[in-house]
Amino acid sequence: MAFEGLTERLQNAIGKLRRKGKVSEADVKEVMREIRLALLESDVNFKVVKDFVKTVRTRAVGAEVLESLTPAQQIVKIVNEELVKVMGEEATPLNKSPKIPTVIMMVGLQGAGKTTTAGKLANRLKTEQNARPLMIAADIYRPAAIDQLKTVGQEIDVPVFELGTEVDPVEIVRQGMELAKEKKNDYVLIDTAGRLQIDEKLMDELVQIKELATPDEILLTVDAMTGQNAVEVAQGFNDQLDVTGVVLTKLDGDTRGGAALSIRAVTGKPIKFIGQGEKMTALDVFYPDRMASRILG
Ligand code: GDP
């Protein structure tokens, strides 16, 4: 289960205070040392951990905790509040264009869940807003990607525009956008190519697609299971493309939690959705407060 190790360690660390009546500054220091280790071992970014621990410690040695009759509860409250802050406080809604279509460009490494997430998102827009999305298959390097998007499209009954693997992706996007305008689709989701790692050619192509399609939303899909690497990937894509948001996938898996806790603080970009399964309905809005509660158990 996601966050299992982190939850247990945080609970253990804070639990030690429950047996004490009044706590000293040294007790707080000891708890913070354990929280720090728990976060680092859960693959949370080093700098994020440092700042987090410093803030919590400063608050905890303030009158709030030391004078309190329920120090453990006070620490839980502070940790919870600071976790929510690190993850961005509020849920961040999708950007919407005042004029149709709203264009959503999906980017990410191969295998992160980009194509699946494009389908989940189209499905969500369809069922929630009665929207009429069009999906564009612009990943020509992995032939199976086009078929995969078409299969997803059939499953959720959303049309997919494709021109096979021989046409330049930028041209595919241009024609797809024209079709969307003609058909008055209110959303366009562009499924772009992924690679096993970030490379210059991929980024050049994505920049060109961005310039052509002027997306309202550039959603970076990252795999939560990859921990620190997910954060590095996010930083790389954000440097080149100035993404508008992140989708963190595979949170139904056995992730340690580092990506969820680090991405916002490292990139400054909000996690907008989380993927929690392979089904087309397994996409949820990311609420920092709910995630903090889940982490604290
Ligand atoms: P892409 O290469 O980035 O387009 O990745 P895909 O959309 O093909 O996804 C790669 C694999 O991850 C597929 O088997 C998906 O079913 C799976 N996947 C995507 N999102 C999730 C998720 O949130 N949870 C789980 N368990 N699997 C996911």
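Values below: every heavy atom of this structure, side chains too, minus hydrogens, waters and symmetry copies. First listed ligand is number 1; within each ligand, the first listed atom is number 1.
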Spell out, yes or no, whether Tyr187 and Ile136 are grouped together once hydrophobic residues are joined by side-chain heavy atoms under 4.5 Å, including indirect joins.
no
Just which atoms of ligand 1 are under 4.0 Å from any heavy atom in Gly275?
23 (O)
Does any N or O of ligand 1 fall below 3.5 Å from an N or O anywhere on Ala112, backbone included?
yes
Please say whether Asp252 places an N or O atom under 3.5 Å from an N or O atom belonging to ligand 1.
yes
What residue and atom, counting heavy atoms only, is the protein's closest point to atom 5 (O) of ligand 1, and at what distance?
Gly113 N, 3.0 Å
Check: of Glu278, Gln276, Lys120, min heavy-atom distance to atom 20 (N) of ligand 1 comes from Lys120
From the options Ala282, Ala144, Gly111, select the one whose nearest heavy atom is closest to atom 10 (C) of ligand 1.
Gly111
Where is the nearest protein heavy atom to atom 8 (O) of ligand 1: which residue, which atom, and how far?
Gln148 NE2, 2.8 Å
Would Thr117 count as a contact of ligand 1 if the rule is a heavy atom under 4.0 Å away?
no
Specify side chain, backbone, both or neither for Leu109, according to which of its non-hydrogen atoms lie closer than 4.0 Å to ligand 1.
backbone
Lys269 side chain to Asn238 backbone, donor-acceptor under 3.5 Å:
no
Just need the protein heavy atom nearest to atom 3 (O) of ligand 1, so name the residue and atom and give the distance.
Lys114 N, 2.7 Å
When you measure from atom 11 (C) of ligand 1 to every protein heavy atom, which one gives the shortest distance, and what is it?
Lys250 NZ, 4.2 Å
Under 3.5 Å: donor-acceptor pair, side chain of Thr255, backbone of Ala224
yes
Would you please say whether a donor-acceptor pair under 3.5 Å links the side chains of Thr55 and Glu82?
no
Looking at Asn95, Val107, Leu189, Leu94, which one forms a side-chain contact (heavy atoms from CB on, under 4.5 Å) with Leu219?
Leu94
When you measure from the side chain of Asn45 to the backbone of Ser262, do you find a donor-acceptor pair of N or O atoms at a distance under 3.5 Å?
no
Ile140 and side-chain contact (heavy atoms from CB on, under 4.5 Å): which single residue from Val167, Asp168, Ile172, Thr192 fits?
Ile172
Check the side chains of Tyr141 and Glu205 for a donor-acceptor pair under 3.5 angstrom, ignoring hydrogens and angles.
yes
Of Leu220, Val48, Val222, the residue whose pairing with Ile263 passes side-chain contact (heavy atoms from CB on, under 4.5 Å):
Val222
Judged by heavy atoms only, the candidate from Ala193, Gly277, Ala145 nearest atom 21 (C) of ligand 1 is Gly277
Thr116 to ligand 1: N or O pair under 3.5 Å?
yes
Numbered atoms of ligand 1 (with element) below 4.0 Å of Thr115, judged on heavy atoms
1 (P), 4 (O), 7 (O)
